[in-house]
Amino acid sequence: MAGQAPIPAEDLRAAVDPVRAWLAGEAEQPPRAVVGAAVKTSARWLAQQVPGRSVEVRVPPHVAVQCIEGPRHTRGTPPNVVETDAATWLRLVTGALSWGDAVAEGRVSASGNRADLGAVLPLRPLR
């Protein structure tokens with residue numbers, strides 16, 4: 001996040017609102033650029049709210065961010081990794097899916113003792 005301007009909550013909501021009907025099963029999937037903007041903005045907003053370098057959050061092919069304070073990771077595969085698909089990520093950040101359910105259902109891969117995002121999801125402005 002270094003060098004990037006902070007993302008205002010209004011910008012976060014504006015990026016995610018166009019995908020809400022799709023997430024609820026009420027519309028077709030929006031264009032990739034719309035989904036990508038929602039994923040990137042929400043992941044970067046999370047990294048801005050809980051800064052650090054101990055957990056890497058990956059939502060391929062859209063974004064990977066590091067967040068949460070703790071031991072800094074510098075090389076190779078980070079010890080704390082969260083990975084999921086775009087739809088699952090967006091359901092987590094909006095509160096349409098709980099962290100516990102996502103992990104239990106295998107929708108999220110979370111490895112490492114710091115890779116539990118249940119305390120920081122959903123994102124406050126999107127609840």
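Computed from a prediction, not measured in an experiment: that's the story for all the values here. All heavy atoms count here, side chains included; hydrogens, waters and symmetry mates do not.
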**Prompt:** Around Glu105, counting heavy atoms of other residues, nucleotides and ligands shown, do more than 12 lie under 6.0 Å from its CD?
**Reply:** yes
**Request:** Measure across Trp45 and Pro125 and return the closest heavy-atom pair with its distance rounded to 0.1 Å.
**Result:** CH2-CD, 3.3 Å
**Prompt:** Do you know the tightest heavy-atom contact between Gly36 and His62?
**Reply:** CA-ND1, 3.3 Å
**Message:** I need the minimum non-hydrogen distance between Val19 and Pro30, along with the two atoms involved.
**Reply:** CG1-CG, 4.0 Å
**Item:** Main-chain N/O of Leu92 paired with Trp99 side-chain donor or acceptor, under 3.5 Å
**Value:** no
**Prompt:** Nearest 0.5 Å, what's the CD-CG distance between Gln49 and Leu123?
**Reply:** 8.0 Å
**Item:** Heavy-atom check, side chain of Thr88 versus side chain of Leu97, under 4.5 Å
**Value:** yes
**Request:** Of all the heavy-atom pairs spanning Gly95 and Pro122, show the shortest one and how long it is.
**Result:** N-CB, 3.4 Å
**Message:** Ignoring hydrogens, what is the shortest heavy-atom contact between Ala115 and Ala110? Give both atom names and the distance.
**Reply:** O-CB, 3.4 Å
**Request:** Determine the minimum heavy-atom distance between Val16 and Ser42, stating which atoms define it.
**Result:** CG2-CB, 4.4 Å
**Message:** Return the SG to CD distance between Cys67 and Gln48, rounded to the nearest 0.5 Å.
**Reply:** 12.0 Å
**Request:** Keeping the roles fixed (side chain from Arg44, backbone from Val39), state whether a donor-acceptor pair exists under 3.5 Å.
**Result:** no
**Prompt:** Got Leu46 and Val93 here, is their nearest side-chain heavy-atom distance under 4.5 Å?
**Reply:** no
**Complete:** The reported gap from CH2 in Trp89 to CG in Leu23 (rounded to nearest 0.5 angstrom) is 13.0 Å
**Item:** Audit row: Val34, Trp22, side chain to side chain contact (heavy atoms under 4.5 Å, CB included) steps and yes/no
**Value:** CA-CA 11 Å; Val34 173; Trp22 167 58; over 6 Å; no
**Item:** Crowding at CD, Gln29 (>12 non-hydrogen neighbours, <6.0 Å)
**Value:** yes
**Message:** Measuring from atom CZ of Arg13 to atom CZ of Arg20, what distance do you get when rounded to the nearest 0.5 angstrom?
**Reply:** 9.5 Å
**Prompt:** Mind checking whether Val55 and Val81 have side chains closer than 4.5 Å, heavy atoms only?
**Reply:** no
**Request:** Carefully, step by step, assess Thr41 and Ile7 under the rule side chain to side chain contact (heavy atoms under 4.5 Å, CB included).
**Result:** CA-CA 8 Å; Thr41 303; Ile7 300 166; 4.0 Å; yes
**Message:** Quick one: does any side-chain atom of Thr94 pair with a main-chain N or O of Arg91 as donor and acceptor, under 3.5 Å?
**Reply:** yes
**Asked** Between CZ of Arg127 and CG of Leu121, what distance do you get to the nearest 0.5 Å?
**Response** 9.0 Å
**Item:** Ser109 (side chain) donor-acceptor with Glu83 (main chain) under 3.5 angstrom
**Value:** no
**Message:** What's the separation between atom CZ in Arg58 and atom CG in Asp85, rounded to the nearest 0.5 Å?
**Reply:** 15.0 Å
